[in-house]
Amino acid sequence: MSVSSANNSSDWIDVSLTIHTGMAHWPDNPGIKIEPSLCLAHGDVCNVSKLTLGSHTGTHVDGLNHFIKGGLGIDKMPLDATIGKARVIGIEDTESIKVAEIAPHNLQAGDRVLFKTVNSERCYQQDDFVEDFVYISTEAAEYLAERQVRTVGVDYLSVGGYQGNVVEVHHALLGSGIWVIEGLNLSAIAPGEYELICLPIKIQDGDAGLARAILKPL
Ligand SMILES: [Zn+2]
């Protein structure tokens, strides 16, 4: 059964991760725990959960202030950064997203681009953090900044590589005002043109916002 039919909505495809206790997170970020605070089964009048998690849990959008002092928080993100036409680009490289593979796509200023790598099939099958996920090379991040794309989405928990170029890539993108979506699951998505809706929750001066992200083929 497809995700869309499971949700009983014909055209939209859910590309968000399901938040659950024990799910993978960046190693030095808080672990994820969802536990009952009030509980019908224990005689309370309703169910209410207590959530323990980091702001960069699962599918989320980074605030520019995640790596940039004085950058816009997630509550200041223009809504059209993550609502509108988006291009899903398939990446064959199993190490990193490089300029050579994205240059032929002729990205333009204002484009929203989501990179589908092997991560989508490979990294979400387990709750352990995958260290060798496909990330954006520093050169490719600088290229995306030069092209003045609007929004960049990736299919694992960081645009930069683990113990690699996390700082450089975030600085290149967020420092250029590019909005970054992390933790997309694009396994059900073929490369092409889509309508994107991705709305991060509104945390005051938030360095990120957890988000539901959905795509509809155009
Ligand atoms: Zn993040």
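Whatever order the structure lists ligands and atoms in, that order sets their numbers, starting from 1.
Residues I34 and L38 are members of separate hydrophobic clusters, defined by side-chain heavy-atom contacts under 4.5 angstrom among Ile, Leu, Val, Met, Phe, Trp and Tyr.
T59 places no side-chain N or O within 3.5 Å of a backbone atom of S16 that could act as its donor or acceptor partner.
Of all heavy-atom pairs spanning I74 and V61, the tightest one is CD1-O, 3.5 Å.
The nearest N, O or S atom of H60 is closer to the Zn ion (ligand 1) than 2.8 Å. At least one N/O/S atom of D62, whether from backbone or side chain, sits less than 2.8 Å from the Zn ion (ligand 1).
Only one option out of L79, I214, L210 pairs with L199 in a side chain to side chain contact (heavy atoms under 4.5 Å, CB included); it is L79.
Between OE1 of E182 and ND1 of H56, the angle at the Zn ion (ligand 1) works out to 170°, rounded to 10 degrees.
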